[in-house]
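What follows is one structure encoded as structure tokens, with my remarks underneath.
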Amino acid sequence: MTVEEFKLPDVGEGVAEGELVSWLVAPGDRVEEDQPVAEVETDKALVEVPSSYDGVVEELFAEEGEMVPVGDVIISFRVDEDGEAAAGDDAEAEPEPEPDSPDESAAEPTTEAADAEPDTPAGRTFAPPSARRLARELGVDVAAVDGSGPGGRVTEADVRAHAEGDAGAADAGGPDDGPEPRPAPTPTDTGSDGRKSAVSKRGADDGSADAPATPAGGPDPAGRETTLATPATRKAARDRDVDIDDVPTDQTRDGEAFVTAEAVNAYADALESPASTPEPEPVETGPGTEPAVTAGDASETSAPASGDETVPYRGVRRTIGKQMERSKFTAPHVTHHDTAEVDALVEAREELKPKAEAEGVKLTYMPFVMKAIVAGLKEYPYLNSELREDDEEIVLKSEYNVGIAVATDAGLMVPGVENVDEKGLFELADAVNDRASRARERKLKPAEMQGGTFSITNFGAIGGEYATPIINYPETAILGLGAIEERPVVRDHADVESEFLDDSDDSTVVPAPTLPLSLSIDHRVVDGAVAAEFANTVMEHLENPLLLLNE
Amino acid sequence: MVVGDVTTGTEVLVIGAGPGGYVAAIRAAQEGLDTTLVEKDAYGGACLNRGCIPSKAPITGSGLAHEAGNAEFMGVHADPAVDMGKMIEWKDGVVDRLTGGVEKLCKANGVNLIEGTASFVGEDTVRVAHGGDGQGSETLSFEHAVVATGSRPIQIPGFEFAEDHVWSSADALDADTVPDRLGIVGGGYIGMELATTYAKLGADVTVVEMLDDILDPYEDDVKRIVRERAAELGVEFNFGEGASEWSEAPDGGYLLHTETEDSEESTYGVDKILVAVGRQPVTDGLDVANAGIETDDRGFIETDDRTRTAVEHIHAVGDVAGDPMLAHAASNEGIVAAEVIAGEPAALDRQAVPAAVFTDPEIGTVGMTEAEAEDAGFDPVVGEMPFNASGRAMTTGHTEGFARIVADEETGFVLGGQIVGPEASELIAEVALAVEMGATLEDVAATVHTHPTLAEAVMEAAENARGQAIHTLNR
Ligand SMILES: Cc1cc2nc3c(=O)[nH]c(=O)nc-3n(C[C@H](O)[C@H](O)[C@H](O)COP(=O)(O)OP(=O)(O)OC[C@H]3O[C@@H](n4cnc5c(N)ncnc54)[C@H](O)[C@@H]3O)c2cc1C
């Protein structure tokens with residue numbers, strides 16, 4: 001048996017940390033390689049983290065709701081000897097001399113190496129350029145840094161640790177000093193400091209509504225009505241004097257909470273440990289309990305009044321917030337409003353609908369709008385551009401990748417549909433439906449939310465006429481769609497058949513389906529006149545959908 | 001800029017628009033510094049106009065023709081004819097595109113361009129003389145300067161360059177006819193690249209070299225492969241002989257006279273003589289002394305690890321700052337100079353500068369040889385993969401050579417590599433990355449390489465060094 005550390009792996013491109021939403025395993029669980037061990041929410045998505053070891057969970061080093069940097073140790077596993085070879089990242093670089101090698105020189109240098117000085121000669125330090133540069137920046141002599149990599153290779157983390165003072169003292173972040181030292185929090189304090197779990201606050205969108213979100217292995221009684229468990233587990237619970245309905249778990253079978261023997265034991269262990277006598281459960285337990293502000297919760301901001309609910313500003317919510325802040329405070333927005341009269345568009349869709357249905361496609365107005373936008377963008381390429389201020393350049397995009405804002409339970413997501421100019425109406429309809437439904441299920445890949453060149457927000461689907469959309473930065477423009485409804489419009493006499501008209505009127509007011517448009521632009525890149533012209537082109541194509549044949 | 005003698009100021013003045021200078025200027029401008037680049041001749045410097053790029057075009061052209069004409073073994077029969085005029089035209093087109101690109105890039109990044117020859121007036125001013133009569137000059141004051149004036153071919157006494165028969169490398173790259181007989185003085189990398197090219201184009205090439213082998217800085221087994229292949233192509237080598245003079249021959253050609261140390265004389269009948277005996281820094285006319293800078297006895301400007309000269313706010317990069325006199329080293333130094341000027345924590349701390357020789361087969365090297373590693377105090381372990389064991393090499397018809405990797409036995413750190421064989425110039429990049437990153441043999445060996453590729457040879461060499469190679473016998 002050896003103990004292996006499992007670090008939070010790279011959970012998405014450019015993601016540096018994630019919120020550990022829930023543990024899927026508990027100490028004592030036997031885990032197979034690739035089995036999901038935790039759910040982690042990053043800026044971009046909710047991901048399941050698969051184990052890279054076969055073994056038994058020894059300790060969990062993070063609590064649910066905690067932000068964990070990528071690369072931090074989150075679990076230690078006891079691994080059987082035979083399973084170790086596959087996973088060992090500390091395997092020695094030293095090759096074994098071939099036992100039957102006819103060449104004895106292969107073995108000879110090894111003996112020499114044994115008494116060789118560990119210091120690398122000639123002042124040569126083995127560190128990548130990035131670490132060397134960081135060392136210069138921090139005024140650290142790379143040669144003096146203890147490397148934690150293979151063969152003593154110096155990493156950026158080593159340089160930082162060295163800069164932060166006595167290299168030995170600063171290894172809280174990870175196994176900086178070689179294989180032996182491992183951060184070893186006592187298993188029993190997991191989850192016991194009353195920090196509340198973010199996932200439980202989101203509650204409703206969590207499939208297993210009743211499953212408690214308190215950390216598995218923690219001492220807080222779960223208090224379920226019913227629990228699934230094997231007879232052996234139930235016996236274990238009896239033996240340890242534990243109510244099986246109180247044992248926390250994240251596992252479910254057929255929608256019911258499922259408890260393993262390991263979970264029972266972990267829970268019982270935790271209860272027995274003096275360090276973790278159950279504390280009053282904070283906020284979750286309900287309105288009756290006192291608002292527990294434990295040390296972990298204390299903050300400088302105003303203390304919440306009793307009854308207030310604090311919800312973590314993290315994950316998707318925070319990402320949206322940051323993105324909005326950046327857009328609105330960077331790009332001076334101007335919003336242009338106009339209304340398209342879309343009788344012909346409504347008719348065109350009605351005509352195409354049966355055909356679409358026959359092909360299994362749900363045809364909305366969205367594909368028509370996307371096509372009309374492409375027509376506009378081709379004429380006014382600055383609306384399909386990106387301002388790179390640092391480079392002092394505006395990049396006019398060659399692709400027409402249109403993002404569609406989708407409201408999801410977790411918040412706003414803007415998946416993109418690529419190369420709108422090259423796709424047919426039905427194809428677009430399919431793509432939009434697919435992206436939107438996957439956005440709601442949170443199954444979008446991060447890449448699918450990148451690379452947009454222009455965005456649409458269809459707030460009219462919920463209701464309303466006009467809005468002031470915020471640009472999906474660093475794009476330059478966004479088009480908001482109001483609801484298509486019959487509204488009064490002024491029409492030429494000649495265009496209206498009505499017995500009530502008398503010949504003296506040149507024009508009259510009639511009801512007609514209209515589509516209110518709200519176009520926000522980055523005024524640094526384009527001026528209002530161009531925005532208006534672009535809107536005119538889009539409207540022209542919406543009012544005469546035959547023009548879309550050209551797109 | 002205004003014509004006439006007026007003084008303008010700039011934060012960063014870069015002298016010379018070769019791969020050292022233009023890169024420094026662009027990076028300085030990117031750093032937000034007001035940057036001026038002075039070039040007296042052509043954007044891109046020696047590299048783009050008379051060196052790296054123009055030499056690779058005919059190497060490829062001649063190689064292609066030769067290969068096509070010698071592929072009967074794979075069932076290809078061809079007798080290619082080479083139109084030299086057309087080939088030079090094509091090469092010039094490539095050069096124009098690249099140099100035009102350099103100029104555009106500079107402008108797009110906001111670098112002020114001045115055409116003219118710069119010379120120091122003092123520690124913070126230069127005078128720029130504009131080309132041509134009566135074009136006037138201007139005085140420029142600067143806060144920081146980067147000297148990137150490059151190098152030029154060394155002339156040897158008695159062999160003043162004269163386009164009709166005594167060629168510099170630049171002339172050899174512009175000739176639109178192939179001489180019947182070409183004498184090459186100097187068996188360094190430039191001489192050998194051109195020897196290979198002209199041999200493949202059908203010239204009878206004679207190389208005269210003072211030392212007793214070609215390609216002085218390389219290891220014996222590396223040199224041997226290139227030398228033997230060149231001999232196969234018909235190149236004749238005369239080692240231990242120095243060129244002493246030339247004379248006209250009665251047949252309308254010339255006689256190249258050589259002399260050994262023991263004053264033994266020989267003569268070779270040739271139609272052109274290419275002198276490629278090295279390059280010297282260009283500092284004449286620059287009046288660096290006016291700025292308080294001294295050059296060493298070979299004319300190079302000495303710099304520290306931040307590319308600074310003895311006068312701290314004046315930097316020197318590229319060939320003018322000495323070895324390794326390679327374009328990519330010049331660019332690397334240019335970037336460091338610009339970043340140091342911008343106050344960033346940059347320094348010349350590269351572990352190794354790779355080098356390539358575009359002979360047949362190519363050579364690519366980086367970092368330490370086994371002997372150098374030993375001298376440096378390492379306990380080196382070496383692994384090799386011969387290309388005749390590489391499936392991909394066999395299917396290209398080029399199986400000469402090997403890939404070798406040198407590492408520290410104890411830690412496994414990759415210290416260097418020597419590759420001679422097909423595409424060695426490309427393959428060496430991986431070893432360079434390993435050296436620079438502090439990668440170990442295991443890292444290289446455990447990196448999955450595409451099959452079938454020549455690059456697998458690097459992985460195999462690493463495996464071999466660990467005694468675990470699959471496709472070669474382990475040493
Ligand atoms: C035939 C040949 C093949 C080569 N092949 C390769 C190769 O394959 N790979 C490789 O890495 N290297 C190769 N080199 C070497 C490479 O060309 C040089 O290392 C590189 O050009 C050096 O760059 P630099 O910026 O230092 O100087 P240069 O490229 O020489 O540029 C200096 C510039 O400064 C200008 N200048 C000089 N004095 C002044 C002044 N007083 N005022 C204004 N302007 C001035 C010059 O006109 C020139 O444009 C080759 C060289 C030759 C000759």
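As a basis for the values below, the full set of heavy atoms in this structure was taken, side chains included, without hydrogen atoms, waters or symmetry mates. Please read these numbers as outputs of a predicted model, since none were measured by experiment. Residue numbers begin at 1 in each chain, while the letters A, B, ... track the order of the sequences.
Using a 30° and 60° split on the angle between ring planes, A:F126 and B:F378 fall in the perpendicular class, above 60°.
Atom CG in A:D390 sits 11.0 Å away from atom CD in B:Q30 (nearest 0.5 Å). A distance of 5.0 Å separates CZ of A:R133 from CD of B:E344, quoted to the nearest 0.5 Å.
When each of B:A108, B:P345, B:G32 is scored by its heavy-atom pairs under 4.5 Å with chain A, the top score falls to B:P345. Of all the listed residues (B:N109, B:V435, B:D375, B:D443), the one sharing the greatest number of non-hydrogen pairs under 4.5 Å with chain A is B:V435.
By the 4.5 Å heavy-atom criterion applied to side chains, A:R136 and B:D349 are counted as neighbours.
For B:Q351, the parts sitting under 4.5 Å from any heavy atom of chain A are the backbone and the side chain alike. In this structure, chain A has heavy atoms under 4.5 Å from both the backbone and the side chain of B:A346. Neither the backbone nor the side chain of B:E463 has a heavy atom closer than 4.5 Å to any heavy atom of chain A. The part of B:L415 that comes within reach of chain A is its side chain, from C-beta onward, which places non-hydrogen atoms under 4.5 angstrom from that chain.
The backbone N or O of A:P129 sits nowhere less than 3.5 Å from a side-chain atom of B:R350 that would complete a donor-acceptor pair.
No more than 12 heavy atoms of other residues, nucleotides or ligands shown are found within 6.0 angstrom of NZ on B:K104. Annotation for B:E374: atom CD counts as buried by contact number, over 12 foreign heavy atoms lying within 6.0 Å. Summarising the local packing, CD of A:E32 is surrounded by 12 or fewer heavy atoms from other residues, nucleotides or ligands at distances under 6.0 Å. Shown here is B:F402, whose CZ atom has more than 12 heavy atoms of other residues, nucleotides or ligands within 6.0 Å.
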Taking it one step at a time, do B:M437 and A:R153 satisfy side-chain contact (heavy atoms from CB on, under 4.5 Å)?
-> CA-CA 9 Å; B:M437 290 296 294; A:R153 180 171 182 262; 3.4 Å; yes
